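Remember, it's a predicted structure, so these values are computed and weren't measured experimentally.
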Amino acid sequence: MDEGKKKMISKLLKEIKDNDYKKVVVYALDSCPACIELKHKFNNIGVTYENVSMDGNDDMWDELEKRGGSGYAPQVEIEGYLIKEDEYETINELISEAVSLMIERKVVLK
């Protein structure tokens with residue numbers, strides 16, 4: 001990896017750390033591969049989050065649906081904003097959207 005990319009990554013990781021006071025909530029199923037992948041990647045880049053288990057949590061599913069969420073997991077909320085299903089197609093796009101909301105600038109992670 002070239003020096004320029006290393007500097008960009010270091011800057012992004014610092015921005016994430018500087019914004020770790022922002023409330024991030026992950027709504028996930030315990031055995032969901034996509035949920036596990038999302039949380040693993042959040043952990044790797046230093047995103048601090050609250051995990052809400054959706055296993056048998058019908059009331060929370062209803063609440064998320066009322067707020068425009070989907071019937072799928074994972075779902076992510078940043079500072080009270082629930083990222084909608086039409087805002088991403090892959091886990092990396094969901095992570096990009098979440099980080100962008102956290103640090104208040106557009107980020108695209110691959």
Side-chain angles (χ1 to χ4, degrees):
M1 180 180 310
D2 70 29
E3 201 59 38
K5 285 184 183 179
K6 286 181 184 178
K7 285 182 181 180
M8 283 181 18
I9 291 169
S10 292
K11 180 181 176 188
L12 177 60
L13 294 175
K14 181 181 181 324
E15 285 183 78
I16 291 169
K17 183 174 173 49
D18 289 347
N19 284 281
D20 69 356
Y21 62 90
K22 293 190 176 171
K23 186 170 183 176
V24 178
V25 181
V26 174
Y27 300 95
L29 295 166
D30 296 336
S31 61
C32 161
C35 302
I36 293 166
E37 179 184 0
L38 173 79
K39 292 186 285 185
H40 177 74
K41 288 181 176 184
F42 269 178
N43 291 335
N44 281 345
I45 61 174
V47 173
T48 303
Y49 60 91
E50 173 188 349
N51 182 63
V52 175
S53 176
M54 298 301 288
D55 290 292
N57 197 344
D58 293 337
D59 291 339
M60 184 56 70
W61 281 114
D62 291 343
E63 175 65 27
L64 290 175
E65 188 176 324
K66 286 177 191 172
R67 295 177 51 208
S70 69
Y72 301 98
Q75 295 185 56
V76 177
E77 179 180 334
I78 309 292
E79 290 286 296
Y81 177 79
L82 185 63
I83 299 172
K84 307 297 186 282
E85 184 178 15
D86 64 351
E87 295 178 80
Y88 66 93
E89 290 183 21
T90 67
I91 292 299
N92 282 348
E93 288 176 0
L94 177 55
I95 293 168
S96 296
E97 187 64 28
V99 170
S100 295
L101 289 166
M102 274 184 72
I103 66 173
E104 300 174 1
R105 72 175 179 87
K106 186 67 178 168
V107 174
V108 177
L109 303 173
K110 296 182 180 186

Tell me if the [atom1] atom of [X] is crowded by more than 12 foreign heavy atoms within 6.0 Å.
| X | atom1 | answer |
| --- | --- | --- |
| Lys11 | NZ | no |
| Glu87 | CD | yes |
| Tyr72 | OH | no |
| Lys84 | NZ | yes |

Is any side-chain heavy atom of [Y] closer than 4.5 Å to one of [X]?
| X | Y | value |
| --- | --- | --- |
| Lys5 | Asp2 | yes |
| Val24 | Thr48 | no |
| Arg105 | Leu12 | yes |
| Leu101 | Glu79 | no |
| Glu93 | Thr90 | yes |

Nearest 0.5 Å, please: how far is NZ in Lys14 from CG in Asn19?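 Atom-to-atom, Asn19:CG and Lys14:NZ are 9.5 Å apart.
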Quick check for you: to the nearest 0.5 Å, what is the distance between Lys6 atom NZ and Ile9 atom CD1?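 Those atoms lie 9.5 Å apart.
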Are [X] and [Y] linked, directly or through other ILVMFWY residues, by side chains that come within less than 4.5 angstrom of each other?
| X | Y | answer |
| --- | --- | --- |
| Val108 | Leu94 | no |
| Val76 | Val25 | no |
| Tyr27 | Ile91 | no |
| Val26 | Tyr81 | yes |

Minimum-distance pair of heavy atoms, taken over all atoms of [X] and [Y]:
| X | Y | result |
| --- | --- | --- |
| Val47 | Met102 | CG1-SD, 3.9 Å |
| Tyr88 | Pro74 | OH-O, 3.5 Å |
| Glu85 | Ser70 | OE1-CB, 3.1 Å |
| Val107 | Ser100 | N-OG, 2.7 Å |

Salt bridge Lys66-Asp62, side-chain N to carboxylate O under 4.0 Å: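 No salt bridge links Lys66 with Asp62.
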Enumerate donor-acceptor pairs with a distance under 3.5 Å from any side-chain N or O in residues 28-45 to protein atoms, sequence neighbours excluded.
residue : atom : partner : partner atom : Å
Asp30   : OD1  : Ser53   : OG           : 3.4
Glu37   : OE2  : Lys41   : NZ           : 2.9
Lys39   : NZ   : Asn51   : OD1          : 3.4
His40   : NE2  : Asn44   : ND2          : 3.1
Lys41   : NZ   : Asn92   : OD1          : 2.8
Asn43   : OD1  : Tyr49   : OH           : 3.3
Asn43   : ND2  : Lys39   : O            : 3.2

Could you tell me whether Lys23 sits above the aromatic face of Tyr21, with NZ or CZ closer than 6.0 angstrom to the six-membered ring centre and within 45 degrees of the axis?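 Negative - Lys23 is either too far from the ring of Tyr21 or too far off its axis.
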Using only atom types and a distance under 3.5 Å, with no angle test, would you say the side chain of Glu63 pairs donor to acceptor with the backbone of Asp59?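 No, because the side chain of Glu63 does not come within donor-acceptor range (under 3.5 Å) of the backbone of Asp59.
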Give the C-alpha distance, both sets of side-chain angles, the deciding distance and a yes or no for side chain to side chain contact (heavy atoms under 4.5 Å, CB included) between Met54 and Leu64. CA-CA 11 Å; Met54 298 301 288; Leu64 290 175; 3.6 Å; yes
